[in-house]
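Here the structure comes first, spelled out in structure tokens, and everything after it is commentary.
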Number of protein chains: 2
Amino acid sequence: MTSPPATTSGGRELAHPAREEIRLEQVLHALADPLRLGVVRALASAPEDLPCGVFALPVSKSTCTHHFRVLRESGVIRQVYRGTAKMNALRRADLDHLFPGLLDGVLSAAQEQAGREREDGPPRRTARDRREPRTDPAG
Amino acid sequence: MTSPPATTSGGRELAHPAREEIRLEQVLHALADPLRLGVVRALASAPEDLPCGVFALPVSKSTCTHHFRVLRESGVIRQVYRGTAKMNALRRADLDHLFPGLLDGVLSAAQEQAGREREDGPPRRTARDRREPRTDPAG
DNA sequence: ACTTCAGTACGAGAACAATCGTACTTTATT
DNA sequence: AATAAAGTACGATTGTTCTCGTACTGAAGT
């Protein structure tokens, strides 16, 4: 048997859909959340894998786990353990192969919109964009 | 006042978001439903406006209304009354202006996937793709 | 005037999704 | 061994979306 790598991710594997199993509807759904879209944008402009932590998302750790799982299970990102962290990378090649132009289209659309919003001031939230955390307002 | 057209849509107006109000996340969400994506594909390849009826969607009339409303309110389609029918058209110009490449990316992705599925056989449904209608099977 | 056609409004139920907190696991550091 | 770091699993909660049926409206045809 081949010896497992000494210091990295003993035997923790994560389930990913194979390339052919990726479905457009699920990809679109994954990208339709502003939080997740933000993550994808960051990954797209990063040179290499990023750990979950660097995003400083305004949600709890478990919610964070949830969103990254949605991205992974829809086939948008690939996740691997590396030491105590979990590294994330866009599945660019797979997505470009399956849906040429889609990812670029979405990314540049997101950039367009972000640019527009920086000028016009932030848009009113659409009630589902981001929910208020459940903190007690009496604090 | 200008005289209203004699035989068409007396005074029924429908609320549409202005071009600048269209939000990427909502567009993606609207397109993430297989039923709605199908409608959008049909509209994209149609020469002109189509009435809601021609789609023969496997849902009730009220559900149909719901889906078309989602498409309209997200800015993906424009709807106008015309006689007893309601005509639907893709807001191609608006979308292309706001998000160049996005719609084409999604449409060709949808076509890619449809082609793939015609070969490989239909994919297993993802449990949210389509729910069973509540009709009594004893009919 | 009546009927048919096409779609809406409303209310309700079920499924889904986003969020949280607490307890736990795994890896690395001290 | 004990602690810290990064994340997961689970259950609960709340809000959103999909779905339906029934009753209704407005336009067109008879």
Side-chain angles (χ1 to χ4, degrees), chain A residues 4-15 25-26 29-30 32-37 39 50-74 79-88 125-136, chain B residues 4-15 25-26 29-30 32-36 49-74 79-88 125-136 139:
Chain A
T7 97
T8 312
S9 66
R12 294 197 280 170
E13 283 304 312
L14 287 163
E25 293 86 348
Q26 293 191 0
H29 172 246
D33 183 281
L35 213 100
R36 293 192 292 253
L37 184 56
V39 167
L50 291 179
C52 295
V54 307
F55 296 99
L57 301 176
V59 293
S60 73
K61 276 205 298 181
S62 32
T63 301
C64 193
T65 297
H66 162 70
H67 284 297
F68 278 95
R69 180 169 43 223
V70 171
L71 286 171
R72 170 168 48 84
E73 292 183 345
S74 65
Q79 297 189 291
V80 305
Y81 284 107
R82 187 146 134 191
T84 158
K86 189 152 82 169
M87 308 302 285
N88 304 278
R125 301 177 163 185
T126 45
R128 80 150 296 284
D129 270 10
R130 192 60 30 224
R131 271 187 272 271
E132 290 297 323
R134 253 195 268 154
T135 52
D136 192 333
Chain B
T7 98
T8 313
S9 66
R12 295 198 278 171
E13 283 304 312
L14 286 163
E25 293 87 349
Q26 292 192 1
H29 172 246
D33 183 281
L35 212 101
R36 292 192 292 253
D49 300 34
L50 292 178
C52 295
V54 307
F55 297 99
L57 301 176
V59 292
S60 73
K61 276 204 299 180
S62 32
T63 300
C64 194
T65 297
H66 161 70
H67 284 297
F68 277 96
R69 180 168 42 220
V70 171
L71 286 171
R72 170 168 47 84
E73 292 183 344
S74 65
Q79 297 188 293
V80 304
Y81 285 105
R82 186 144 135 195
T84 159
K86 190 152 80 169
M87 307 303 283
N88 303 277
R125 300 178 162 182
T126 46
R128 78 151 297 286
D129 270 10
R130 192 57 31 222
R131 272 187 272 272
E132 290 297 324
R134 251 196 269 157
T135 51
D136 193 333

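A quick note: this is a predicted structure, and the numbers were derived from the prediction, not measured. Residue numbering restarts at 1 for every chain, and letters A, B, ... go by the order of the sequence lines.
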Quiz item: How many Å lie between CZ on A/F55 and P on D/dA6, as a whole number?
Solution: 14 Å
Practice problem: Could you work out which one of D/dC20, C/dG21, C/dA18 sits closest to the side chain of B/S60? | Solution: D/dC20
Practice problem: Nearest whole angstrom, please: distance from the P of C/dG11 to the NE2 of B/H66. | Solution: 17 Å
Exercise. Would you kindly give the CZ-to-P distance between B/F68 and C/dA9, to the nearest whole Å?
Key: 15 Å
Quiz item: Taking CG from A/L57 and C1' from D/dG7, how many angstroms apart are they, rounded to a whole number?
Solution: 13 Å
Quiz item: B/R82 side chain N/O closer than 4.0 Å to the phosphate oxygens (OP1, OP2) of D/dA27?
Solution: no
Self-check item: Contact under 4.0 Å: A/R69 side-chain N or O vs D/dG7 OP1/OP2
Solution: no
Exercise. Using atom CD of B/E25 as one end and atom C1' of C/dA18 as the other, report the distance to the nearest whole Å.
Key: 15 Å
Exercise. With side chain to side chain contact (heavy atoms under 4.5 Å, CB included) as the test, would you mind laying out the steps for A/L57 and A/V39 before giving the verdict?
Key: CA-CA 9 Å; A/L57 301 176; A/V39 167; 4.2 Å; yes
Self-check item: For atom CD of B/E73 and atom P of D/dT16, their distance in whole Å
Solution: 14 Å
Quiz item: Rounded to the nearest 0.5 Å, how far apart are NE2 of B/H67 and CG of B/D33?
Solution: 5.0 Å
Quiz item: Counting distance only, does the side-chain N/O of B/N88 pair as donor-acceptor with the main-chain N or O of B/L50 below 3.5 Å?
Solution: yes
Quiz item: Rounded to the nearest Å, what distance is computed from the NE2 atom of residue B/H29 to the P atom of nucleotide C/dA18?
Solution: 9 Å
Self-check item: Inter-residue atom distance A/C52.SG - A/K61.NZ, 0.5 Å rounding
Solution: 11.0 Å
All N/O pairs under 3.5 Å across the protein-nucleotides 4-6 of chain C interface:
unit_1, atom_1, unit_2, atom_2, d
C/dC5, O2, B/T84, OG1, 3.4
C/dA6, O4', B/T84, O, 3.3
C/dA6, O4', B/T84, OG1, 2.7

Self-check item: Considering all heavy atoms, the nearest A/H29-A/R36 contact
Solution: O-NH2, 3.4 Å
Quiz item: If you check every side-chain atom of B/V59, which of C/dA18, D/dC20, C/dG21 has the closest atom?
Solution: D/dC20
Quiz item: B/M87 has an atom CE; how far is it from atom P of D/dG26, in whole Å?
Solution: 21 Å
Quiz item: Can you tell me how far the CG atom of B/L71 sits from the CD atom of B/Q26, to the nearest 0.5 Å?
Solution: 12.0 Å
Quiz item: Between B/R72 and B/A15, which heavy-atom pair has the shortest distance, and what is it?
Solution: NH1-O, 2.9 Å
Self-check item: Selected nucleotide, minimal atom distance to B/T65 side chain, candidates D/dG7, C/dG7, C/dA18
Solution: C/dG7
Self-check item: N or O in side chain of B/T63 less than 4.0 angstrom from D/dC20 OP1/OP2
Solution: yes
